[in-house]
Amino acid sequence: MTTRTDGRDEDTGREGEPSPSELLSLYEQMLLIRRAEERLRDEGAAGRLPGEVHLYIGEEAVAVGVCAHLSDSDYATSTHRGHGHFLAKGGDLRAMFAEIWGKDEGICRGMGGSMHVADLSKGILGANGIVGAGMAIAAGAAFGAKLDGDGNVAVCFFGDGAANQGVLMENLNVSTLWGLPLVFVCENNTFSEFTPSREVTAGRIADRARAFAMPTVEVDGNDVVAVWNAAGEAVERARSGSGPSFIEAHTYRIQGHFESERFVLSGGRYREDEEIAAWLDRDPIARLGERLVAIGVADDASLAAAEARVMERVAEAVAFAEAGMPADPALAEELMFVREEV
Amino acid sequence: MTTRTDGRDEDTGREGEPSPSELLSLYEQMLLIRRAEERLRDEGAAGRLPGEVHLYIGEEAVAVGVCAHLSDSDYATSTHRGHGHFLAKGGDLRAMFAEIWGKDEGICRGMGGSMHVADLSKGILGANGIVGAGMAIAAGAAFGAKLDGDGNVAVCFFGDGAANQGVLMENLNVSTLWGLPLVFVCENNTFSEFTPSREVTAGRIADRARAFAMPTVEVDGNDVVAVWNAAGEAVERARSGSGPSFIEAHTYRIQGHFESERFVLSGGRYREDEEIAAWLDRDPIARLGERLVAIGVADDASLAAAEARVMERVAEAVAFAEAGMPADPALAEELMFVREEV
Amino acid sequence: MARRRLIQAVGDALAEEMRRDPKVIVYGEDVELSITGDTRGLHDMFGHDRIRNTPICEATLTGMAVGLAAAGYRVVVHMMFSNFFYTGMDAIGNQMSKLRLMTGGQVELPITVIAGYGGGAANAAQHSDSAYPMLLNLGGINVLTPSTPADAKGLLKTAIRGRNPSFFLEPSGRGGEIGEVPDGDHLVRLGVAAIRREGTDATIVAIGRMVKPALAAAESLAAQGVSAEVIDPRTLVPFDETTVLSSVEKTGRLVVVDEARERCGVASQIAAVVAEKGFASLKGPVRRVATPNVAIPYAPNAEAHVLPGAERITAAVLELVGAVRRLPA
Amino acid sequence: MARRRLIQAVGDALAEEMRRDPKVIVYGEDVELSITGDTRGLHDMFGHDRIRNTPICEATLTGMAVGLAAAGYRVVVHMMFSNFFYTGMDAIGNQMSKLRLMTGGQVELPITVIAGYGGGAANAAQHSDSAYPMLLNLGGINVLTPSTPADAKGLLKTAIRGRNPSFFLEPSGRGGEIGEVPDGDHLVRLGVAAIRREGTDATIVAIGRMVKPALAAAESLAAQGVSAEVIDPRTLVPFDETTVLSSVEKTGRLVVVDEARERCGVASQIAAVVAEKGFASLKGPVRRVATPNVAIPYAPNAEAHVLPGAERITAAVLELVGAVRRLPA
Ligand SMILES: Cc1ncc(C[n+]2csc(CCOP(=O)(O)OP(=O)(O)O)c2C)c(N)n1
Ligand SMILES: Cc1ncc(C[n+]2csc(CCOP(=O)(O)OP(=O)(O)O)c2C)c(N)n1
Ligand SMILES: [Mg+2]
Ligand SMILES: [Mg+2]
């Protein structure tokens with residue numbers, strides 16, 4: 001998960017393909033994100049979460065396939081839909097849940113919540129409630145990494161909706177100019193809130209990067225191996241000083257834009273059940289599970305064991321969050337400025 | 001100058017080429033802008049202007065070639081370097097000078113100055129001191145024109161520096177989506193202030209529009225006929241409901257970024273004299289003059305007559321501006337809101 | 001009269017004005033299905049030319065409003081949350097609020113920007129700002145802060161028909177308060193405050209969503225023998241100084257309650273106006289009850305701690321009146 | 001001591017801090033040749049890794065500052081004119097000022113943004129704003145408004161070494177004032193006001209470029225027998241309330257002078273603070289002398305009309321002291 005060698009470890013048979021142990025790790029990470037978010041979905045529906053959650057269910061292959069190539073000293077910026085990126089980049093599930101529960105043990109001490117989970121010690125510069133805002137932050141971190149010269153890289157995850165913010169073009173420009181070690185990962189899940197993105201997006205998103213002659217690929221975002229491969233190349237390019245790359249991962253948002261969507265929509269619809277069903281058939285976790293069994297890397301028992309491990313971690317995290325102390329209300333005033341000895 | 005029929009009038013021999021009378025008009029308009037700005041340059045140097053001016057000398061062919069296809073009911077947005085667009089779009093020279101002199105007779109009653117000359121009655125939505133800001137304003141006007149359905153169009157002029165503002169991409173997107181009657185005209189004069197634009201611009205600017213599959217051309221911006229042709233097609237496309245187009249006009253800024261540049265630079269240099277000299281050889285006005293003589297549309301005497309007419313208009317405008325009343329200081333408070341009968 | 005939620009009143013106002021004037025155009029992100037609920041159904045009624053979803057690009061949305069208005073339309077831009085004003089701030093600060101002056105009065109910009117604001121729903125820092133003080137500081141922009149469905153409808157209709165840019169701040173929460181809305185063409189003038197409760201010992205000026213806790217405070221103060229007047233300015237630009245100053249003349253004490261942060265905020269602004277123009281009436285210091293100069297935290301207990309509420313208002317008034325006067329037993 | 005123009009003092013501060021700490025990085029549009037003059041020569045001294053020209057894209061420049069600071073650098077962003085804060089406002093309002101709280105204190109953002117502000121040069125509306133009140137309202141951002149070359153240098157050095165985002169507002173005009181700058185490692189603490197002139201009848205708090213006309217006003221008041229104290233807060237966040245309140249305790253009268261617009265501006269803020277915390281000292285109303293709520297006009301006579309100057313300051317003080325006390329003949 002945090003292999004520093006763009007995924008080519010000792011037990012890899014072929015270059016360009018994750019090793020069996022890596023495949024298992026990719027599987028278990030996707031499953032962890034899935035089960036964690038299903039729990040958030042249920043907790044939210046039961047009215048036990050203070051705020052809203054935007055779930056990543058169905059898109060797990062993107063975060064997991066990309067972050068497999070990153071270490072803690074690499075940077076990532078995320079979106080309002082940030083649980084998957086947080087976990088894939090090595091964030092702690094318990095600290096994330098405590099955060100979403102609004103507890104002092106939360107990774108942001110309850111100050112940020114679901115939309116702002118961040119762990120600077122892991123290079124996770126934060127989920128972000130402002131659509132598109134992560135790109136420039138990632139470019140800044142990539143600039144820092146380039147000045148450091150240690151081969152660290154930055155990744156910015158953003159949605160197809162965010163790809164219509166002008167900051168995309170600005171950051172394609174500056175990162176190309178300065179040869180920044182930056183990987184743009186556009187998670188095209190076909191929606192911007194309730195708006196089918198094709199209604200608000202002209203042309204192909206990937207072409208916007210191609211206009212800068214940036215190395216650009218489009219991948220099946222529900223195929224973790226495809227994402228892993230594309231990201232491996234892009235990250236390697238960044239590490240070796242060859243500048244930015246662009247990945248457009250085609251995927252789908254299975255859940256609503258946020259979890260209480262149905263109350264907001266009050267009957268309004270923006271997609272067909274058949275569409276959801278078709279994408280469920282392409283579920284990235286089930287697909288990898290089948291593949292693991294097919295190639296003999298796993299069997300039903302080992303997959304069940306993974307499931308059990310994940311469920312235990314989720315249960316533990318819920319218990320941790322529930323048992324946490326309430327957030328400290330004095331923190332807001334304390335934290336606005338770093339106190340400086342003058 | 002304000003032919004509503006994309007320049008194909010009765011006395012045009014061939015489609016795609018201005019008629020002799022049009023050529024003469026293009027010439028005289030370019031000359032008017034040139035002589036007016038030379039006067040501004042000298043007045044500024046003599047300390048007789050209240051504020052700074054950003055001159056368009058050398059780039060006249062762009063404004064003139066484009067605006068030849070526009071009528072008063074079409075819209076244009078301009079830049080901080082806006083005198084040329086103002087005059088080419090039919091703005092009154094005397095009112096512009098009075099504005100720059102800070103007089104009540106100014107087109108904006110002395111409230112706007114050089115960087116904000118605007119004449120709404122001529123569809124001139126204003127020069128603009130914010131780099132890139134005109135694009136969205138033009139898109140909004142184009143949206144209005146489309147809703148009106150009268151075949152009016154909007155043009156936004158902007159620089160190569162402005163092409164790095166993300167609003168470019170946003171407006172390429174929205175104008176393509178909505179099929180707006182909008183023409184993007186990028187005046188690539190190779191500089192963003194003192195920065196050679198190649199140092200801050202990745203890829204080709206025109207490719208940014210091509211990424212949206214927008215009809216895009218690059219033209220010699222010092223050849224008014226080339227600009228006229230490209231703009232004629234683009235404007236016609238917009239008028240006929242076929243959506244936006246993009247023109248990148250390659251040209252050069254002969255003067256400094258603004259007129260007191262040398263005081264600011266105090267010896268610092270960002271270009272070679274030879275470069276300026278090479279571009280002076282491609283002067284759009286001299287080139288058209290030679291061509292007019294060569295094809296027999298004008299002779300030395302008629303060009304001299306044009307020169308005399310232009311110089312008289314400039315002198316008249318200076319006299320008008322100098323004789324104007326000081327701006328009314330009470331206007332600022334009066335004009336912030338339209339007074340409403342409640 | 002009809003009982004309507006605030007967002008319904010907003011929707012009614014939009015529908016009525018769109019019906020009344022074909023030049024009224026509404027656009028914004030997701031306005032067709034409507035994530036905040038206030039534009040729901042308009043697309044079915046008026047179609048794509050009159051109301052449409054936009055890409056996510058606030059810088060362009062605010063800029064387009066200027067061009068569309070200059071082209072003769074009445075533009076309503078829905079910006080969802082007031083935090084996104086920052087994203088679209090260039091055209092707000094450099095164009096919308098300045099273009100009329102810069103053109104010497106050539107242009108009118110009938111633009112209405114709608115957005116929800118404020119905290120209370122654990123939406124955290126980037127969705128909970130009350131980002132209007134910066135609008136007041138620009139000049140050239142009306143700022144509307146209705147506290148009731150009736151005012152929401154009446155102010156919005158006035159703004160849409162008006163000839164200047166107006167920002168309509170929606171204290172919507174989960175659909176907003178329910179209240180009676182007058183039938184017919186209900187218009188509310190800008191710049192006329194409403195006295196929500198009369199009183200003699202202290203004046204509480206409360207903005208938008210803060211009117212409710214101010215009234216609750218007044219209620220509990222009454223139980224302690226203190227008579228507080230509650231004034232809802234309804235619009236911050238234009239601002240009804242007369243009503244506020246007359247009230248302070250009567251009461252001699254002023255507490256200003258606002259959900260925006262304190263520093264250079266609306267509470268400071270109103271306090272300054274009274275300290276300058278109503279000083280002679282003041283029996284004691286002015287008091288500001290505002291959000292401290294912090295980003296809004298997520299955890300509900302921490303959020304509640306920073307947002308102004310009835311208790312802080314009550315305490316401020318009691319401090320001003322000097323002592324807790326008790327009702328005769 | 002050396003005589004330096006304000007922009008030279010700024011350049012000295014940048015050079016010294018860049019030399020002192022290799023983590024200090026400077027970028028912005030045209031910082032290499034420097035259109036405002038304050039970064040001139042740094043590129044030759046420090047090279048492209050330490051200082052570089054950027055494309056014109058303020059939204060990204062402010063956002064990158066956040067990421068670069070989070071990656072361990074001390075970032076100095078030059079934004080030329082404060083009007084361009086609007087263009088880059090998203091990252092200022094939604095990220096820079098909030099990220100530390102949102103992450104529960106995980107991140108420090110040592111970012112210094114430099115920009116010129118204010119009118120007086122017929123630069124017209126889009127280049128003459130004093131666009132800092134909105135920064136004060138955000139929380140989480142220091143706001144520095146030096147009035148002398150010495151303070152410019154000392155405050156800027158402190159900001160660059162600091163651990164929080166700071167906006168450094170340069171009243172540069174044509175190079176800014178000339179003044180003596182102490183030799184050596186001259187630092188000025190944030191949050192400590194300077195008393196520019198002592199007096200007993202009235203307190204004038206003047207911000208940045210307004211200190212000069214305030215001193216001129218004090219001079220002409222002295223000729224009329226009125227003794228005015230002139231306080232230069234030097235930083236607006238943090239703000240030295242103590243010095244201002246003590247002065248008002250002595251004088252009983254307050255005039256606040258600021259070039260930003262009045263509504264929700266700094267003059268209103270300081271007036272409110274004093275009306276709240278120094279009420280007992282006040283012998284009369286507070287007075288705000290600020291730019292009215294207008295965009296800045298181009299024509300110099302119209303511009304001069306809206307900008308605060310010595311005459312308006314003098315008149316405000318005279319009004320407060322009630323009558324023109326004449327010196328014995
Ligand atoms: C600047 C800004 N504008 C609007 C919003 C409201 N908003 C939140 S999510 C969203 C849609 C984002 O779509 P996309 O980028 O595709 O991400 P997805 O939700 O599909 O993962 C919008 C418009 C916002 N948070 N920030
Ligand atoms: C938003 C904004 N940023 C920066 C500036 C300062 N500025 C004025 S002109 C200019 C360069 C513009 O270059 P370009 O668009 O190519 O136009 P040109 O001056 O070459 O005509 C800059 C950076 C500005 N006016 N507005
Ligand atoms: Mg999406
Ligand atoms: Mg240029």
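Note: hydrogens, waters and symmetry copies are ignored here, and every other heavy atom, side chains too, is used.
No side-chain donor-acceptor contact under 3.5 Å links B:E170 to the backbone of C:P55. Panel note: side chain C:Q106, backbone B:A118; a donor-acceptor pair is recorded below 3.5 Å.
Heavy atoms of C:D90 lying under 4.5 Å from chain B belong exclusively to its side chain. If you measure heavy-atom distances from C:R50 to chain B, you find no contacts under 4.5 Å at all. Interface residue B:F337: backbone and side-chain heavy atoms are both found under 4.5 Å from chain C. For B:I107, the parts sitting under 4.5 Å from any heavy atom of chain C are the backbone and the side chain alike. For chain B, the nearby part of C:V237 is the side chain; its heavy atoms alone come within less than 4.5 Å. Only the side chain of C:K23 comes within less than 4.5 Å of a heavy atom in chain B; its backbone stays farther off. For chain C, no part of B:A138 is nearby; none of its heavy atoms comes within less than 4.5 Å. For B:N128, the part sitting under 4.5 Å from any heavy atom of chain C is the side chain, from C-beta outward, and nothing else. With a threshold of 4.5 angstrom between heavy atoms, C:S97 approaches chain B through N, CA, C or O but not through any side-chain atom.
Among residues 320-332 of chain B, the residues having any heavy atom closer than 4.5 Å to a heavy atom of chain C are, in sequence order, B:L331, B:A332. Within residues 109-116 of chain B, the residues having any heavy atom under 4.5 Å from a heavy atom of chain C are, by residue number, B:R109, B:M111, B:G112, B:H116.
Ring-plane geometry between C:Y27 and B:W178 is classed as perpendicular, the angle between the planes exceeding 60 degrees on a 0 to 90 degree scale with a lower cut at 30.
The candidate with the highest count of non-hydrogen atom pairs below 4.5 Å against chain B, out of C:I25, C:T62, C:I141, is C:I141. Chain B forms more heavy-atom pairs under 4.5 Å with one residue of C:A70, C:P165, C:A91, C:G162 than with any other, namely C:G162.
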